[in-house]
Amino acid sequence: MELAATLLIATRLTPSVSAAIATIVVRGDSSLEVVEHCFCHPRSLGSLQVNDVRYGTWQSATASKSAEQVIVCRTRANELEIHCHGGAAICAMILNDLQQSGCTVLAPTDWPSESLDAIQRQAELDLAKAPTISVAAILLDQWRGALSRELHCITELLEQGNLFQSVERIKRLIELGTSIGARCRTQRVCFAGPPNVGKSSLLNACAGTTCAIVHHLPGTTRDAVEARLVLDGWPVNFTDTAGIRQTDEPIEREGIAIAQTTIANADLVIFVADATVGMTVELAELLATRTADAIVAWNKSDISTNPPPKLAIPVVATSAIAAPGIDELLQQIAKQLFSSQHQPGEPIPFRDSQVVWLKSILQQLEDRDSEAAVAMLQRGLE
Ligand SMILES: Nc1nc2c(ncn2[C@@H]2O[C@H](COP(=O)(O)OP(=O)(O)OP(=O)(O)O)[C@@H](O)[C@H]2O)c(=O)[nH]1
Ligand SMILES: [Mg+2]
């Protein structure tokens, strides 16, 4: 790439999380001289052959820290890798030393790679933080080029003037990104409803641990309390919210405002009803204003003979105290969030921003501007 040819550049190749080892890469005609500034070894780096490694110490020019043990590997004539301790402070020190010696330190996303395109680089970055195997499997397919190949195919179809097929394939990608790719970011499920119905108790029962305070007095929960779980192999964030009711109490009102924002941002809302009280006007109003997917948990069914109501959305009878219904509730959540299937190796947009980008390409095509759509696709694949 142009940048690589003209500049002296460095970046951290390994993800910026604490690890045993980190790898920093330095590329450019004067990479050896710049590294030599701080790398202490009896022999000059000029004598290091490509693919050979040298064990030495890093004597920082900028930090007062004592010498740090590092391994330097010559990966190309004009490129070195520095393998160092994976802690954030050591990496920051080495990158700072390199910067002081004239190196431009790039964000990993900006590192020019000859073999990976922009989509694959994004997959590589996300892969390092994948919370479950199922998420990693989707990202690995895209890192291997599934989505890039499909986008190249669509570009070719457009260049041949095949608008119909291109539009269909972009629509399919948007659908896959929304139904499957969205699982790569943690799904947000929240418990909502009037006070004292058992929202916090249900969060604790689902998480299998005490995350939220439970009390017989209504108005207990104020903050949004979170528990991170894995459901059917996918990461899910459960949030307990304050009970919604009319109140003049200022702190409770704050809690209710937080609850309303949490509900608005959720992928799935579990509206909790107290089975001993039955359907209330307040709960019916909440259900009527819902925007996301929803389930009703007919809670405290262990002490009620009221049968669950028949509603347009699924209703699950639960007891947070005696446990019946919790497994069924979790299964219903998984069914609603994760019912669509995909094939291994399928192209899947895995970031929300990619879906937004595909929607603007679709818009260009609907406006009959194929040239602009091709240009957008090409830029996105650089
Ligand atoms: N018998 C029975 N009691 C329950 C059940 N779920 C909750 N409770 C009781 O109901 C009371 C309120 O429970 P919470 O979980 O604090 O209710 P909440 O909806 O979070 O209440 P707020 O935070 O005030 O909105 C507590 O005394 C719980 O022990 C249940 O399934 N069965
Ligand atoms: Mg509560």
Taking a hydrophobic cluster as the set of Ile, Leu, Val, Met, Phe, Trp and Tyr residues connected by side-chain heavy atoms closer than 4.5 Å, whether directly or through intermediates, do [X] and [Y] fall within one such cluster?
X      : Y      : answer
Leu157 : Ile119 : no
Leu202 : Leu283 : no
Phe338 : Val316 : yes
Leu125 : Leu106 : no

Which heavy atom of [X] sits nearest a heavy atom of [Y], and at what distance?
X      : Y      : answer
Ile180 : Ser340 : CD1-O, 3.4 Å
Leu330 : Cys206 : CD2-SG, 3.9 Å
Ala146 : Pro347 : O-CB, 3.5 Å
Ala242 : Ala259 : O-CB, 3.7 Å
Gln142 : Glu346 : NE2-O, 3.0 Å
Arg12  : Cys91  : NH1-SG, 3.3 Å

Close side-chain approach of [X] to [Y], heavy-atom, < 4.5 Å:
X      : Y      : answer
Arg169 : Cys153 : yes
Met376 : Trp357 : yes
Trp58  : Ile82  : yes
Leu13  : Pro108 : no
Pro314 : Val296 : no

In Å and rounded to the nearest 0.5 Å, what is the [atom1] to [atom2] distance from [X] to [Y]?
X      : Y      : atom1 : atom2 : value
Ile270 : Phe191 : CD1   : CZ    : 4.0 Å
Asp126 : Cys184 : CG    : SG    : 7.5 Å
Arg290 : Asp293 : CZ    : CG    : 8.0 Å
Leu95  : Ile24  : CG    : CD1   : 4.0 Å
Gln331 : Asp327 : CD    : CG    : 6.0 Å
His342 : Ser179 : NE2   : OG    : 9.5 Å

List the steps, then state whether side-chain contact (heavy atoms from CB on, under 4.5 Å) holds for Val25 with Thr11.
CA-CA 6 Å; Val25 60; Thr11 197; 3.7 Å; yes

My understanding is that only one of Thr241, Asp240, Thr220 makes a side-chain hydrogen bond (donor to acceptor under 3.5 Å, both in side chains) with Ser200; could you say which?
Asp240

Cut-off 3.5 Å, side chains only: do [X] and [Y] have a donor facing an acceptor?
X      : Y      : answer
Glu156 : Gln160 : no
Gln354 : Gln122 : yes
Asn299 : Thr318 : yes
Arg54  : Ser47  : yes
Asn306 : Trp298 : no
Thr62  : Asp97  : yes
Asp367 : Gln363 : yes
Trp143 : Glu124 : yes

Go through Arg149 and Asp117 one step at a time and tell me if the salt bridge (Lys or Arg N to Asp or Glu O under 4.0 Å) criterion holds.
CA-CA 11 Å; Arg149 279 192 295 276; Asp117 63 32; over 6 Å; no

Go through Phe238 and Val225 one step at a time and tell me if the side-chain contact (heavy atoms from CB on, under 4.5 Å) criterion holds.
CA-CA 8 Å; Phe238 281 76; Val225 180; over 6 Å; no

Applied to residues 199-228, the salt bridge (charged side-chain N to carboxylate O under 4.0 Å, His left out) test, sequence neighbours excluded, yields Arg222-Glu249

Can you check whether Gln364's main-chain N or O pairs, donor with acceptor, with Asp369's side chain at less than 3.5 Å?
no

Please determine whether side-chain contact (heavy atoms from CB on, under 4.5 Å) holds for the pair Ile174 and Lys359, giving the CA-CA distance in whole Å, both sets of side-chain angles, and the decisive distance to 0.1 Å.
CA-CA 7 Å; Ile174 293 172; Lys359 283 182 178 166; 3.8 Å; yes

Indicate yes or no: does Arg172 engage Glu150 in a salt bridge with an N to O separation below 4.0 Å.
no

Do NZ/NE/NH1/NH2 and the carboxylate oxygens of Arg74 and Asp52 come within less than 4.0 Å?
no

Test Val26 against Cys103 for side-chain contact (heavy atoms from CB on, under 4.5 Å), laying out the working first.
CA-CA 8 Å; Val26 188; Cys103 230; 3.8 Å; yes

